[in-house]
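Below is one structure, written out as structure tokens; the observations come after it.
Since the structure is predicted, the reported quantities are computational estimates derived from the model, not experimental observations. Proteins get letters first, then strands, A, B, ... in listed order; numbering begins at 1 in each.
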Amino acid sequence: MNENTKKHLRDFIRDKISTDLTEGINDFIVTRFPPEPNGYLHIGHAKSICLNFGVAEEFGGRCNLRFDDTNPTKEEQIYIDSIIKDVNWLGYDSESNIHYTSDYFEQLYEWATFLVNKKLAYVDDLTPEEIRNYRGTLTKPGTESPFRNRSAEENADLLERMRAGEFKDGEKSLRAKIDMASPNINLRDPVLYRILSKAHPRTGDTWKIYPMYDFAHGQSDAIEDVTHSLCTLEFEDHRPLYEWFLENLPVLSKPRQYEFSRLNLSHTVLSKRKLIKLVEDNFVLGWDDPRMPTIAGMRRRGVPPTAIKDFIERIGVTKSDGIVEMSYLDNTIREHLNQTSLRRMAVLDPLKVIIDNFPEDLEDKLEAINNPNDESAGTREISFSREIYIERSDFLEDPPNKYFRLAPGKEVRLRYAYLVTCTKVIKDSNGKILEVHCLYDPESRGGNAPDGRKVKGTIHWVSAQYSNKANVNLYKNLFNSEMPDTGEDWLDNINQDSLEVRENCYIEKCLTNSTAGETVQFERLGYFCLDSSSEINNIVFNRTVSLRDTWTKKTSKVN
RNA sequence: UGGGGCGUAGCCAAGUGGUAAGGCAUCGGGUUUUGAUCCCGUGUACCGUAGGUUCGAAUCCUACCGCCCCAGCCA
């Protein structure tokens with residue numbers, strides 16, 4: 001999709017920004033993507049990334065990458081690094097405009113003392129458990145803390161001593177003085193600062209207290225002159241708090257928060273807690289396991305970033321939460337790869353075919369088209385020989401009607417090579433087919449017979465002599481159920497067959513020059529790319545996504 | 001049963017008072033040296049339900065129903 005044909009994206013957020021611009025409420029749009037560096041980015045984050053960076057691009061504004069690093073107990077530098085890499089890979093500038101909430105710790109602290117002096121915040125001695133009990137429930141109002149009415153002077157002193165590290169974790173906290181009876185629980189004197197004796201990845205040991213999300217986010221937006229703070233639906237209840245801080249603090253700009261629904265994808269999980277579980281308990285091989293819905297996993301699987309962006313654009317931005325079918329993502333990936341990927345041949349379940357009337361020592365070099373959708377991709381040479389491999393599923397001794405492949409006495413086209421007819425089947429004592437013998441039509445070089453006879457079936461093949469061996473990883477959905485995320489037994493839904501390793505595959509010679517990340521099509525099979533672990537003596541390919549297959553769909557329906 | 005949201009075909013989603021876009025999937029058909037791609041066609045959506053206002057309602061009003069989120073010193 002080039003600039004001219006690219007459709008104009010429209011949704012309630014872009015509509016709002018449009019009118020804000022035309023009505024002069026803003027003259028420059030600033031958004032931000034605010035990940036907490038406590039895990040790898042996944043496809044759900046991609047939605048937020050594409051929205052925030054996309055909107056900034058479309059309206060000529062700016063999008064800040066801001067690490068929301070207010071909780072050192074969970075955050076790590078490796079996550080910061082991975083996030084920068086992933087955002088960049090998606091095609092957005094993640095390096096020249098990086099911000100950290102921790103850069104604002106001093107300012108945030110100053111604002112905390114400001115609230116203390118205005119008697120809008122107080123130091124509470126209640127323990128976390130007591131605070132919970134005092135908070136009330138969804139239907140019962142909370143109770144005010146006995147420490148709620150300390151003097152500004154005492155609070156200022158206590159806050160200073162909290163910062164100085166005079167108290168143990170959990171011993172005291174700073175709370176906003178709002179309304180313990182509010183029907184919105186977020187307004188029942190939310191905690192602003194907690195004591196955490198934990199070194200921070202960036203600020204080290206300089207802080208003993210750390211701001212909570214609610215006290216940090218809106219103010220950070222204000223500091224960065226963010227105009228539209230776009231977040232997911234679960235923060236809707238926090239908006240009154242977000243605004244409360246902006247109204248009661250001497251901030252210089254007034255960002256506005258807008259909420260959209262987060263992405264739910266079928267047959268996978270998209271919560272960081274669950275993804276961490278999959279990694280740490282070795283249900284997958286790591287954050288970048290190709291079965292993971294992480295950006296890193298999809299990259300390793302061979303998914304192009306443009307396909308991810310396109311998918312995000314297709315599903316739209318709304319406030320209604322639904323679940324998008326994984327097949328929709330797969331389909332979008334296929335669509336992109338179909339246009340761009342080079343065609344190659346590989347056999348993943350080899351069955352040897354011997355062409356009895358083909359010269360024994362001849363290496364017949366044939367011409368094959370690299371990409372029928374892109375003439376500029378040109379052609380390549382592939383070597384044909386007397387012994388070749390075909391897919392075991394492309395031969396049937398007793399084929400059903402309309403089986404357009406190889407069978408005894410039947411003729412089939414070997415793609416870009418010759419027409420061959422099966423003459424003999426060799427089996428072992430158990431009846432397993434060991435090899436198949438054929439005769440070829442020497443006049444059919446390239447695939448067409450001079451007499452013009454029609455041969456319906458075309459199958460792929462690889463020369464036994466002029467080829468390389470490889471391992472191929474075939475991936476399926478990580479979860480069997482459509483919505484594994486519901487319920488405590490989500491791990492029971494894991495698909496035990498999500499990874500199938502084919503160790504005896506043959507690939508055409510030129511595939512040895514592949515590089516990781518360059519996805520090619522194995523004709524009639526699907527899209528594949530070299531795995532990052534691949535070595536010259538141990539070539540490994542990953543299946544990105546299969547080709548659509550109406551044949552097996554049709555035959556399995558009959559059964 | 002406190003508060004905040006959401007309910008348009010299997011899925012996503014336009015629509016903002018004038019008589020239901022589009023994409024994906026499905027199912028047909030055509031082209032094809034990938035059973036892929038491509039092309040053409042294909043959907044009685046009681047617009048959550050029930051009332052009401054109106055000449056006219058998916059759009060406005062009322063009530064009800066269903067689903068999601070909130071009781072971390074997580075974000």
Establish, yes or no, whether a centroid distance under 6.0 Å links the rings of A:Tyr193 and A:Tyr210. no
Aromatic centroids of A:Phe541 and A:Phe522 separated by under 6.0 Å: yes
Counting distance alone, no hydrogens or angles: does the base of B:U34 have a donor or acceptor under 3.5 Å from a partner atom on the side chain of A:Arg343? yes
Give a yes or no on whether a donor-acceptor pair under 3.5 Å exists between the nucleobase atoms of B:U37, that is its base, and the side chain of A:Gln339. no
Determine: side-chain N/O of [X] to OP1/OP2 of [N], distance under 4.0 Å, yes or no.
{"X": "A:Arg262", "N": "B:C6", "result": "no"}
{"X": "A:Thr550", "N": "B:A36", "result": "yes"}
{"X": "A:Thr458", "N": "B:U34", "result": "no"}
{"X": "A:Arg314", "N": "B:C11", "result": "no"}
{"X": "A:Asn338", "N": "B:A36", "result": "no"}
{"X": "A:Arg10", "N": "B:G15", "result": "yes"}
{"X": "A:Arg524", "N": "B:G35", "result": "yes"}
{"X": "A:Arg132", "N": "B:G72", "result": "yes"}
{"X": "A:Ser320", "N": "B:A13", "result": "yes"}
{"X": "A:Thr70", "N": "B:A75", "result": "yes"}
{"X": "A:Arg548", "N": "B:G35", "result": "no"}

Heavy atoms only, 4.0 Å cut-off, all strands: where does [X] land among base, sugar-phosphate and nothing?
{"X": "A:Pro372", "answer": "base"}
{"X": "A:His460", "answer": "nothing"}
{"X": "A:Lys140", "answer": "nothing"}
{"X": "A:Glu325", "answer": "base"}
{"X": "A:Leu126", "answer": "base"}
{"X": "A:Glu259", "answer": "nothing"}
{"X": "A:Tyr134", "answer": "nothing"}
{"X": "A:Gly170", "answer": "base"}
{"X": "A:Tyr210", "answer": "nothing"}
{"X": "A:Arg413", "answer": "base"}
{"X": "A:Arg415", "answer": "base"}
{"X": "A:Ile315", "answer": "sugar-phosphate"}
{"X": "A:Lys402", "answer": "base"}
{"X": "A:Ser327", "answer": "nothing"}

Who does [N] pair with, Watson-Crick or G-U, both distances under 3.5 Å?
{"N": "B:U19", "answer": "none"}
{"N": "B:G2", "answer": "B:C70"}
{"N": "B:G51", "answer": "B:C61"}

Below 30° counts as parallel, above 60° as perpendicular, anything between as tilted: where do the rings of A:His217 and A:Tyr242 land? tilted
Determine the interplanar angle of the A:His200 and A:Phe105 rings, folded into 0 to 90°, and report it as parallel if under 30°, tilted if 30 to 60°, perpendicular if over 60°. perpendicular
I'd like the [atom1] distance from [M] over to [N], given in whole Å.
{"N": "B:C67", "M": "B:G72", "atom1": "C1'", "result": "25 Å"}
{"N": "B:A58", "M": "B:G48", "atom1": "P", "result": "10 Å"}
{"N": "B:U31", "M": "B:A57", "atom1": "C1'", "result": "46 Å"}

Polar side chain donor-acceptor pair, A:Tyr104 to A:Glu224, under 3.5 angstrom: yes
Qualifying residue for ring pair (Phe, Tyr, Trp, His ring centres under 6.0 Å) with A:Tyr440, from A:Trp461, A:Phe384, A:Tyr418: A:Tyr418
Both A:Pro211 and A:Trp551 contact RNA chain B. Which one's nearest nucleotide lies toward the 5' end? A:Trp551
Residue pair A:Asp237/A:Arg194 against RNA chain B: nearer the 5' end by closest nucleotide is A:Asp237
With syn defined as a glycosidic angle within 90° of 0 and anti as everything else, classify B:G48. anti
To the nearest Å, how far apart are A:Asp179 CG and B:G2 C1'? 13 Å
